Every structure is written in structure tokens, then in C-alpha cells.
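Everything on this sheet refers to the single structure shown next.
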Amino acid sequence: MAKKSRKKRSQQPGTERATPKTSGTSSRADSRRAQRVLQERQAKRKRIYILFGGAAVAALLLALVLVLVNMDNNGGAANEPVRVAPEIAGDIPREGRVLGSPDAPVKIVEYGDYQCPACGQFARDMKPQLIEDYISSGEVSYEYRDFAFLGEDSTRAARASICAMDQDMFWPFHNTIFENQLNEAAGAYAEKRLVRMAEELDMDVDAFEDCIGGSTYRSDVTESTQRGQAEGVRATPTFFINETMMEGVSSYDALRQQIETALQNIGS
Amino acid sequence: MAKSTATTMSQTATGGPRGSNAVPMQRLLIAIMILSVVGLGVAGYLTYTHFNEGALMCTIGGCETVQQSQYATIGPIPIAMLGVGMFTLLLGLAALRLTNSSVLSAEKVSIIAWAMLLTGILYYVYLTYVELFVLNAICQWCVISSLIALAIFSLETVYIWRTTMTEEALDSE
């Protein structure tokens, strides 16, 4: 038993044929046993290769699923339809993120976040009135600055607006972002939804995708937000009407009163 | 001789490391467990900072950019949390083998750990690609996490080779 066992351990694959035939039956039996051991080893190896091959394929598929899910991030909301905002009425001068005459006596600066519902309400419902009443006449200029503090979607939308500025499309894009506002952090400004906005506005989509795909203008957005903080902004929207700070805007009348006061101060 | 054979058989039946191989195998498992704990710490830190932006300590690259990008999550789940899950499971799977637990055979446990690591590493490759070529930023904690996974994968591969593919292992059952 001990002898057989030692012999079995010493045998290497492929060497059993070279084993000298010392005596008839016992040598043939040894050879058959060695053959069997080899076959068993091969069968086991095969089984293990199949097991690990299967595991590797499963791992590959799972990784692929994770990649696809990640690439298609922000699921539902990102597929929401996109509307283009109405064009700004009249021939209003515009320079970058400033709307209206640069010589306007009253300068309104808004710090806003594209996800903030009140900012959206102002942009959609009150700004057209402001343009009609004060900006078109040259009395008021309006500047929108980013105060992106409600999460990554806010930063991405703010960056997208600067990407649009590269194509002289800041205001149409700015208004379209607010036109397509959804609930906060719902993925309203997922990359592909912003790209669809650019498509709808007939922008250079390739250039826009290059700009929004990386981290271009991220530092500009951060700097603008920090500047707002330094100026005392704590919430959005915050307006500066000349030097007077106004947090939120409850109604258009409240804003009009502030503008009228500012105009009177200049006149006096 | 018969007694010694019986002992070997029973050790094999529990799926544990055998004979002269046992000590190095145990050391491998302990190394895997230590690395898993380190990986768990890194992934846990990344998960924590995903929810608490201010806490992230970065010296190079752009962790914030990476961590706040839309690629840092799958739905509501931060990817760093997947890392926490993976390292926790790896720790558990190594512990199962180290203690010769009979819940699952050592071979099955090894395959699960190996396949999970392979998935993780393939995913790290994709995420690193995103960092370098899409976000143009690199998060060094994420890189450290992927290197730990790669080290564990190497150890697991050695472990699997020694426990399944050597002649000693092949002749054991």
C-alpha cells in the first residue's frame, strides 16, 4: 500500500508510458491506474475551466449591464420631452448674460439656480413683463448670475448655459432651461436632456456636447456661486436692484415697487 | 497509512486547505481579509463624502468633479456604495474559507469571489476611462480602491490555482 502510494505521487502527467515494465500483471495494473488518475485530473481540470469560463462570462455580462445602466443615468426624467421657450420679444440689446442697455440707470442682478422653482417662476412669468415694462425702454438692465447650490443638476445646467453662450445662445438656452424645469434632483438637466434642448434650439450640437461632456466651465460656476456668497446671497432667487438686496420675489408688483424706488432715487 | 488517508479525506470534504499547503493558503486568506478591510475603509469614505461633500480630502485631480458627476451613481445608489458591498462580501467569503465553514464548498466560494472581483475590475476600467476621457478629472481614492481590488484579485487567483489546479488539489477528491 505504502509502495503503491509513493509510486502514484511520483508519477507526472505524460510519464506513465515511460515507466519501465518490471513485471507483467502488476506493471499493467499500475499503468492502468496511472492512466485513470491522469484522466480524472484532466476531467477535473476541464470542469474547473468550464466553471471559471462561465464565471468570467457572467462577470463580463454583469459589468456590461452596470456600465449601460450608468451611461443611461438619471433614467426617467432625462427622457421627458423638451420645449423651447418663447423668444424674447422686441429687439433687446444683449451682451453675454446681461439683457438690456449697458447704460440703463437701474441694474438688476439676479443670483439664481436652475433647479429653484421660484427662479423658474420668475423667468417664465415675470421676466417677460419686466422686459416689456422696463428693459425695452432702456431704464433697466437685467443680469443673471449662477448660484448653483441645489446639486449636480444645477451645476450642469449652469455650465450648459455658458456652453450656449459660446454660441451666442445664452438667453434662448437660459429661458429654455427654465421652461423645462422639473422637480429638484429629478434629473431634469441630465446631459442628454440638455443636448436635446440644444438640438431643439438648432445649436451646434457637437460643440455643445464636447463642452458639456467634460468639466468645462465648472470653475466659473463655482466662482460665481462663491461671489454670490461673498455678496451675502443665502437663497435663490436673490436680486440686487442697484445696491438694494431683495430675497425672493413674491409678485411682479413687489419687484416693480423696488424698480420705481430705484428710478426715483436716481432722478432725485 | 489508512488512518492518514482518512484524515486527508475528511479535511478535503470540508473544503479546507490540505497538508503542507494549509499554512500558505491561510496566509493568503488573511491577506485577502486585510486588503478587504482597507478597501472597505476607502469605499466607505467615498460613500460618506458622496453625501457630505465638505469631508472629501483631495490633493490632486478632481475628486469633487468625479464624485458629483452623474457617473458617480446608478439611480439613487452611489457607486462607492457598490464598492462597500463588494469589499464586505469579499471579507465574508474569505472568512468562510478560513473557518472551513460548510455553508458553501470552498470551490463555490472561490468562484463567487473571483467572478465578483472580475466584475468589479471591469467596472473600474470603465469608470477610470470615464474619469480620464469624459470628466477629465481623476479621483485618487477611486484609484486606490481599484488597486486594492486588483491586488485581491491576484491573491484570489493564486488561491484558486493552488486549491483547484495543482496535482495535489486535483487528486484530493
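The shown structure was predicted, so the numbers you read here are calculated from the model rather than taken from an experiment.
Residue with the most contacts toward chain A among B:I112, B:L82, B:L117, B:I160: B:I160 (heavy-atom pairs, distance under 4.5 Å). In terms of heavy-atom pairs under 4.5 Å with chain A, the best-connected choice from B:G120, B:A115, B:S110 is B:A115.
Atom-to-atom distance recorded for B:T119:OG1 and A:L64:CG is 11.0 Å, nearest 0.5 angstrom. Rounded to the nearest 0.5 angstrom, A:L60 CG and B:L122 CG are separated by 6.0 Å.
Residue B:I121: no heavy atom, backbone or side chain, is found under 4.5 Å from chain A.
Residues B:Y123 and A:L62 form no side-chain contact, since every pair of their non-hydrogen atoms from C-beta on lies 4.5 Å or further apart. Side chains of A:L66 and B:Y126 form no contact here, defined as non-hydrogen atoms less than 4.5 Å apart. A heavy-atom distance below 4.5 Å is found between the side chains of A:I48 and B:E107.
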